[in-house]
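Here's the structure we're looking at; comments come further down.
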There are 2 protein chains.
Amino acid sequence: MTAADLGPEGTRPPPTRRRPGGRTARIRQQVLDAVVAELGEHGYDGLTTDAVAARAGVHRTTVYRRWGDVGGLLADVFDAASDDDWQPPDTGSLESDLAALNQEIHAALTARPSVVTALIAASFRSEKAAQAQQRLWEDRYARCEVIVSRAVRRGELPPRTDARRLLVAATAPLYHQLVLLRTTPDPHMPGQAARTAALAAAAGAFTEPPSTRGA
Amino acid sequence: MTAADLGPEGTRPPPTRRRPGGRTARIRQQVLDAVVAELGEHGYDGLTTDAVAARAGVHRTTVYRRWGDVGGLLADVFDAASDDDWQPPDTGSLESDLAALNQEIHAALTARPSVVTALIAASFRSEKAAQAQQRLWEDRYARCEVIVSRAVRRGELPPRTDARRLLVAATAPLYHQLVLLRTTPDPHMPGQAARTAALAAAAGAFTEPPSTRGA
DNA sequence: TGTTTAAAGCAACGATTGTCGCACTAGTGG
DNA sequence: CCACTAGTGCGACAATCGTTGCTTTAAACA
């Protein structure tokens, strides 16, 4: 099994001449588009390598050889997704920024078909996909930290506010309710969660003392 | 216990006489134990009907006939899990109750191997398992509402506090960080999340107005 | 104790999944 | 323009998954 991967060219020296040519990139795009389309139509359960290859107009073997398994396929989708120019909303206040952010999350999670939900589900199956998803989320939350820094600059929040914890507190309830608990979507859930986090932040829940423990 | 005798809801012809006898219940227990053991050892990816049947000392066909697919198997595990006598912690204050609850969640999610995480992952694959998980979570959060009502009785919280939202706000960050984001576990994450929720609650973030608030 | 009959065991099957060797296409560089 | 070769197409293969008809076991009841 592993010996096959480590075959003659398995050593794979980094300076190997690769082919950035048109066909490789084109097929990659076709396959990735097919994955997203299949995820949207049949969810993760119905995501088979065969269907992806057929939709992409590519042979099964190509998919298996380049991406290995479904997990590698999903990991590539995650990596491709982080190549956009998404920016967190900038509405003028902390709570409305968080509310707008939550609105986006809510929309993405309740859209039918929800590719996001399917991707989250898929990330549980493969370690590669999970790591890629982790990278994507890290990237997203890092971009969102500007929301907090703007609020600090405005004087809405004290300095030394832990941006990451604030953002997680604001967004986690949505993911929890919609992804894990699977409760019916509530239109004013995003606003409520944003308000809750803003209130907690104003109460100093996320100010990080240099070394003092919270509890 | 009564639910344990009925087995999965898959095949239940109403007028047919069932067999609550020893063998049926015994085999169910063997199979369910095998599922949990396999989940712990190999995670959800390595959960095959064959391995479960072999470990339980049962034939494949039996598993397929009684539980249908892996999803039905997991659903039965969820249903069996809700037959315990779990009670939320009662430590004397809202924040410490939430912290203790979060400690339990944290321990369950960071235990290796984590059956809970594997079950969550599995629930994404099958509709039946997802519904069973939803029932289990509903049961757990319903039991936890007494934490809030006790706090209200003590005067820590105003009446008309939305218990469910408060509980979700307190626990969601843990699930988000450990299950979805997969960040490295932080020992004082449970306490921080509990304190955040308690602060937000004290600030009136979860007080629900008498009537559903308009736009 | 003997009869009845759910439920489990058993073996064989079709369908699907993933792998391998080889031929071929099409970028890449001369 | 031609030679080279990474990457793809193709067909066949083993392994696994889930199903089906039938037989056997054992719980339920007289």
Side-chain angles (χ1 to χ4, degrees), chain A residues 1-32 34-35 38 42 44-74 76 125-126 128, chain B residues 4-32 34-35 38 42 44-74 76 122 125-126 128:
Chain A
M1 316 286 181
T2 53
D5 279 310
L6 300 172
E9 67 275 9
T11 54
R12 187 157 310 200
T16 307
R17 304 208 318 272
R18 305 217 120 230
R19 287 198 173 195
R23 187 165 70 159
T24 300
R26 187 191 337 130
I27 284 186
R28 174 173 183 254
Q29 198 55 48
Q30 289 173 2
V31 171
L32 261 50
V35 171
E38 286 288 319
H42 311 294
Y44 177 67
D45 309 353
L47 185 70
T48 65
T49 313
D50 235 346
V52 169
R55 181 188 281 260
V58 173
H59 203 264
R60 293 214 320 270
T61 333
T62 301
V63 178
Y64 281 118
R65 270 200 266 255
R66 283 189 56 176
W67 287 276
D69 54 355
V70 186
L73 218 41
L74 272 308
D76 206 15
R125 284 296 297 274
S126 161
K128 279 183 292 185
Chain B
D5 294 332
L6 290 175
E9 78 291 352
T11 58
R12 191 175 302 186
T16 311
R17 297 185 35 70
R18 308 278 303 177
R19 287 198 171 194
R23 187 166 70 159
T24 300
R26 188 191 335 131
I27 284 187
R28 174 174 185 254
Q29 198 56 46
Q30 288 174 2
V31 171
L32 261 49
V35 171
E38 286 288 320
H42 311 294
Y44 177 67
D45 309 353
L47 184 70
T48 64
T49 312
D50 236 346
V52 169
R55 181 189 281 261
V58 172
H59 204 265
R60 292 215 319 270
T61 327
T62 302
V63 178
Y64 279 118
R65 271 201 262 257
R66 282 190 57 176
W67 288 276
D69 55 355
V70 186
L73 218 41
L74 272 307
D76 205 17
R125 285 295 298 274
S126 160
K128 279 183 293 187

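Note on naming: letters A, B, ... go to the chains in the order of the sequence lines (proteins, then strands), and numbering restarts at 1 for each one. Nothing here was measured: the structure is a model prediction, and the numbers come from that model.
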Closest of C/dT17, D/dG11, D/dC17 to the A/Thr48 side chain is C/dT17
Looking only at the side chain of A/His59 (C-beta and beyond, no hydrogens), which of the listed nucleotides D/dC17, D/dG18, D/dG9 gets closest? D/dG9
Taking side-chain contact (heavy atoms from CB on, under 4.5 Å) as the criterion, tell me which of A/Ile27, A/Thr49, A/Val35 meets it with A/Val63. A/Thr49
Can you name the residues that form a side-chain hydrogen bond (donor to acceptor under 3.5 Å, both in side chains) with [X], not counting sequence neighbours?
X	value
A/Asp69	A/Lys128
A/Thr61	A/His59
A/Gln29	A/Asp33

State, to 0.1 Å, how close B/Val70 and B/Tyr44 come at their nearest heavy-atom pair, and which atoms those are. CG1-CE1, 4.1 Å
Going by the rule side-chain contact (heavy atoms from CB on, under 4.5 Å), which residues pair with A/Ala34 if we only count those two or more places apart in sequence or in a different chain? A/Val52, A/Arg55, A/Ala56
Write down the distance between [atom1] ([X]) and [atom2] ([N]), rounded to a whole number of angstrom.
X	N	atom1	atom2	answer
B/Gln29	C/dA7	CD	P	18 Å
A/Ile27	D/dA6	CD1	C1'	12 Å
A/Leu73	C/dT17	CG	P	14 Å
B/Arg28	D/dA27	CZ	P	18 Å
B/Trp67	D/dC17	CH2	C1'	18 Å
B/Gln30	C/dA8	CD	C1'	12 Å
A/Asp50	D/dG9	CG	P	13 Å

Got a salt bridge between B/Arg28 and B/Asp76, using NZ or NE/NH1/NH2 to carboxylate O under 4.0 Å? yes
Within a strict 4.5 Å, meaning less than it, do heavy atoms of the A/Val58 and A/Gln30 side chains meet? yes
Is there a side-chain contact between B/Leu47 and B/Leu74, using heavy atoms and a 4.5 Å cut-off? yes
Give me the distances for all protein-to-nucleotides 19-22 of chain D N/O pairs that come in under 3.5 Å?
unit_1 : atom_1 : unit_2  : atom_2 : d
D/dG21 : O6     : B/Arg65 : NH2    : 3.2

Helix axis bend for the helix from C/dT1-D/dA30 to C/dG30-D/dC1 - C1'-based end axes, five pairs, 10° rounding: 40°
Base, sugar-phosphate or nothing for A/Asp69? Non-hydrogen atoms, less than 4.0 Å. nothing
